[in-house]
Amino acid sequence: MTVKILIDSEHHRGEVDPRLFGSFVEHMGRCVYTGIYEPDHPSADPHGFRGDVGALVRELGTTLVRYPGGNFVSGYRWEDGIGPRADRPRRLDLAWRGIETNQVGTDEFLGWAERAAVTPMMAVNLGTRGIQAAADLVEYCNLPGGTHWSDLRHRHGREEPYGVPLWCLGNEMDGPWQTGHLTAERYGELAAQAGRAMKLVDPSIELVACGSSSHTMPTFGYWETEVLERAWDVVDHISMHAYYEEHDGDRRSFLASGVDMDQFIRGVAATVDAVAARKHSGKRIGISFDEWNVWYQSRFEAAGLPDIDVAGPRIEDTYSALDAVVVGDLLISLLNHADRVRIACLAQLVNVIAPIRTDPGGAAWRQTTFHPVAAVAATARGHSLVTRVTAPELYTRRYGDVPAVAAAAVADPATGRVTAYLTNRGDEPATVEVRYRGPGTLSAESGRVLVADQKGPRDREAAAGFGFTTLPVSAGTDPHTVTTTLPPESWTVLAAR
Ligand code: AHR
């Protein structure tokens with residue numbers, strides 16, 4: 001198979017927002033307890049957070065972390081998680097049937113985020129609570145002092161406001177599984193009222209309204225329209241969530257997950273723009289893709305309700321090489337919509353469908369999916385370039401004909417570096433000629449490739465032996481081209497200057 005890719009530095013979509021490399025910490029399973037936080041762990045810092053996990057979070061390049069849920073937030077009383085730890089209640093969490101000990105709460109999380117140099121993105125409970133609790137939490141976090149909640153923060157040892165810049169107005173409120181699930185009309189009203197109160201406390205914050213939990217929801221499209229009709233003036237972003245898995249051994253469709261993500265993003269952008277047009281508004285609402293990943297959700301659904309426990313494991317998917325290639329393909333989709341998607345969170349960060357796993361009291365390790373995420377976070381700086389891919393099509397059961405090769409490219413005006421990301425979705429090698437139009441010439445540097453092993457074991461040993469290998473790249477027919485051969489079912493990073 002022969003493929004041509006044209007990258008033109010003159011045609012870009014604007015800056016890649018660093019918030020695209022976000023992640024998500026939910027009070028779910030072992031994400032918090034024995035994930036980021038384990039006071040008895042040998043690597044724990046004076047605040048009880050694991051140093052080995054912190055080092056991997058830095059290596060992953062995470063820029064932003066959403067907290068504390070997820071479905072968990074829809075039953076959460078944030079006041080339970082502040083003040084002296086001995087006085088904090090143990091609560092039953094209805095979302096994941098866990099006992100929440102509240103040993104980690106707002107101050108602990110925000111302190112960790114500050115030390116980890118990640119932007120916190122907090123969610124408020126619009127399921128079982130509402131406007132007042134949401135405004136109070138903004139006051140606790142962001143007001144300098146002189147009020148009940150900000151003074152309480154002082155008494156809890158934190159004088160400086162945290163200045164949390166981003167807030168989610170609830171979580172997946174379109175989903176019948178959500179505690180306090182609402183119709184689009186009622187959620188739109190509530191989001192408008194809660195958002196207005198929160199911005200009266202701190203007008204500098206940005207707000208994310210819940211969009212659809214997936215584009216397969218029966219209300220998809222209708223939901224976004226009705227919510228934005230009501231909350232337009234206060235919200236800055238609308239959320240999207242999507243999880244992918246291999247269904248019935250259909251590897252080919254799974255490898256084309258980025259095609260589905262592209263279509264979902266285009267659908268949400270068009271819906272948002274239609275509301276803008278009807279309102280005669282020049283406001284540009286961004287997209288916060290604040291949950292995305294590979295998740296074998298069908299296995300989780302088949303397992304039924306878990307027993308009630310304290311921080312017992314929940315959805316600790318172990319990923320294969322194939323899953324890592326798919327995560328790479330999804331990252332290509334996010335980069336290709338960088339003009340619209342301003343925030344994205346790989347769900348989640350540790351243990352729960354996560355790139356990082358831990359043993360309680362023991363090691364922290366990288367899953368296969370860690371590698372593409374870290375590679376993009378480390379290199380995708382600057383402008384998202386428009387790429388033109390001329391490739392044969394492959395037939396997939398779920399998406400019909402799809403391009404055999406997907407590509408995204410980013411150019412950093414500060415360094416002149418161009419980085420291209422390529423997925424070969426097919427099961428034969430693809431000879432690729434990359435032509436670059438722009439200042440300077442494209443000189444061949446070797447690429448780095450992740451290959452989906454056909455046998456694809458999903459275990460810890462397989463993950464430990466998995467990673468990038470070198471991909472030879474040669475000069476093309478003129479100084480503006482390079483050629484390389486992408487292995488079947490692979491994901492590649494090509495850096496050129
Ligand atoms: O990330 C796991 C769960 O998936 C989140 O709690 C929820 O928002 C989504 O359905």
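Whatever order the structure lists ligands and atoms in, that order sets their numbers, starting from 1.
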Which ligand 1 atoms are under 4.0 Å away from a heavy-atom of [X]?
{"X": "Gly70", "result": "5 (C), 6 (O), 8 (O)"}
{"X": "Glu172", "result": "7 (C), 8 (O), 9 (C), 10 (O)"}
{"X": "Phe24", "result": "1 (O)"}
{"X": "Glu26", "result": "5 (C), 6 (O)"}

Electrostatic pair Arg19-Glu206, nearest N-O below 4.0 angstrom: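 Yes, charged N to carboxylate O under 4.0 Å.
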
Pairs touching residues 163-174 that satisfy salt bridge (charged side-chain N to carboxylate O under 4.0 Å, His left out), sequence neighbours left out: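 Found none.
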
Nearest neighbour in protein (non-hydrogen) for atom 2 (C) of ligand 1: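 Residue, atom and distance for the closest contact: Gln348 NE2, 3.5 Å.
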
For ligand 1, the portion of Trp292 having any non-hydrogen atom under 4.0 Å away: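 For Trp292, there is no contact with ligand 1 at all, from either part.
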
Val352 and ligand 1 - part of the residue with a heavy-atom distance under 4.0 Å: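 The answer is neither.
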
Between Ser333 and Asp262, a side-chain donor and acceptor under 3.5 Å: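 There is such a pair between these side chains.
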
Residues that Arg278 engages under side-chain contact (heavy atoms from CB on, under 4.5 Å), provided they are two or more places apart: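 In terms of side-chain contact (heavy atoms from CB on, under 4.5 Å), with neighbours along the sequence ignored, Arg278 is linked to Thr225, Glu229, Val275.
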
Ligand 1 contact by Phe72, heavy-atom criterion under 4.0 angstrom: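 The answer is no, since Phe72 has no heavy atom less than 4.0 Å from ligand 1.
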
Phe254 six-ring face occupied by Arg251 cation (under 6.0 Å, within 45°):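 Geometry flag: not set, cation outside 6.0 Å or 45°.
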
Name of the residue among Tyr244, Phe264, Phe289 meeting ring pair (Phe, Tyr, Trp, His ring centres under 6.0 Å) with His215: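 With His215 as partner, Tyr244, Phe264, Phe289 yield a single ring pair (Phe, Tyr, Trp, His ring centres under 6.0 Å), made by Phe264.
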
